[in-house]
> 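Before anything else, here's the structure in question.
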Amino acid sequence: MAESADMEQLLTSFKKFAVHGDMKATGKELNGKNWAKLCKDCKIIDGKNVTGTDVDIVFSKVKQKTSRVITYEEFQRALEELASKRFKGQSTEKARDSIFKLVEGKEPTNVGVTKVAKAGAVDRLTDASRYTGSHKERFDESGRGKGREGREEIVENTGYVGAYKNAGTYDSKIKAEK
């Protein structure tokens, strides 16, 4: 029972790292960048026994020849290959369990990501209710942006020049002549 729960946590971690930073990702395949991030965030890379180069080599070894991503099964094989390097002196089974424990339940960290500034000047400058002139037209009453309608004049593709006074009268003139 505990074995299946651990494998579920491993699968959950795999899915979280697979979708990290990619809005189109399904969570079924892990790319090389996210594989390296997983190894770094889960402390598989220790700098002595396992390095970033080792992680890249193992990724290339387990993936399909023409593929750029690895599946969950290939992910497990990659972890097993790194286990013997990371946990030297342990049996194969024990090393595999140890490396799975490092990954289970983990998710991508956002170290070094810039936080939103909450200083008085920033709040004042980003308050849409205080905007004037043409900038005021870009937002509705609640302060949400209108998008394209707020930034650009809407182009009418009628076939007439913008300042033409007799727009729409062509058909009536042609019918009157016949």
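The figures that follow rest on heavy atoms only: side chains count, while hydrogens, waters and symmetry mates do not.
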> Say you draw a straight line from CD of E104 to CD of Q9; how long is it, rounded to the nearest 0.5 Å?
5.5 Å
> Salt bridge check, D41 against K106: does any charged N sit closer than 4.0 Å to a carboxylate O?
no
> In the structure I gave you, are the side-chain heavy atoms of Y72 and M7 within less than 4.5 Å of one another anywhere?
yes
> Please check if L11 and I99 belong to a single hydrophobic cluster, counting links between Ile, Leu, Val, Met, Phe, Trp and Tyr side chain heavy atoms closer than 4.5 Å.
yes
> Classify the ring geometry of F14 against F75: parallel below 30°, tilted from 30° to 60°, perpendicular beyond 60°.
tilted
> Counting N and O atoms only, with roles assigned by atom type, does the side chain of W35 sit under 3.5 Å from a partner on the main chain of L30, one being a donor and the other an acceptor?
no
> Ignoring hydrogens and angles, tell me if any N or O in the side chain of T51 forms a donor-acceptor pair with the backbone of G47 under 3.5 Å.
no
> May I ask you to say whether K63 pairs ionically with E74, meaning some side-chain N is under 4.0 Å from a carboxylate O?
no
> Ion pair present between E80 and R77, side-chain N to carboxylate O less than 4.0 angstrom?
no
> Quick one: OG on S60 to NZ on K65, what's the gap to the nearest 0.5 Å?
10.0 Å
> Taking the side chain as every heavy atom from C-beta outward, state whether L10 and L79 have any atom pair closer than 4.5 Å.
yes
> Indicate yes or no: at least one non-hydrogen side-chain atom of K15 is less than 4.5 angstrom from one of K28.
no
> Using the side-chain contact (heavy atoms from CB on, under 4.5 Å) definition, which of the options V58, N49, L102 pairs with L82?
V58
> Main chain of G105, side chain of S13: is a donor-acceptor contact present, judged purely on distance under 3.5 Å?
yes
> Could you tell me if the side chain of N31 sits less than 4.5 Å from the side chain of R68, heavy atoms only?
no
> Go through the steps to decide whether E29 and I70 satisfy the test side chain to side chain contact (heavy atoms under 4.5 Å, CB included), and finish with yes or no.
CA-CA 5 Å; E29 296 172 326; I70 58 174; over 6 Å; no
> Kindly give the heavy-atom pair with the smallest separation between A83 and A95, and that separation in Å.
CB-O, 3.5 Å
> In Å and rounded to the nearest 0.5 Å, what is the OG to CD distance from S98 to E93?
11.0 Å
> Is it the case that one hydrophobic cluster holds both V19 and F59, taking links as side-chain heavy atoms less than 4.5 Å apart, direct or via other members?
no
> Would you say the side chain of L38 lies within less than 4.5 Å of the side chain of H20, judging by non-hydrogen atoms?
no
> Knowing that exactly one of K61, Q76, R96 qualifies, which makes a side-chain hydrogen bond (donor to acceptor under 3.5 Å, both in side chains) with E81?
K61
> Short question: side chain of R86, backbone of K43 - any donor-acceptor pair under 3.5 Å?
yes
> Strictly distance-based, threshold 3.5 Å: is any side-chain N or O of N34 a donor or acceptor partner for the main-chain N or O of F17?
yes
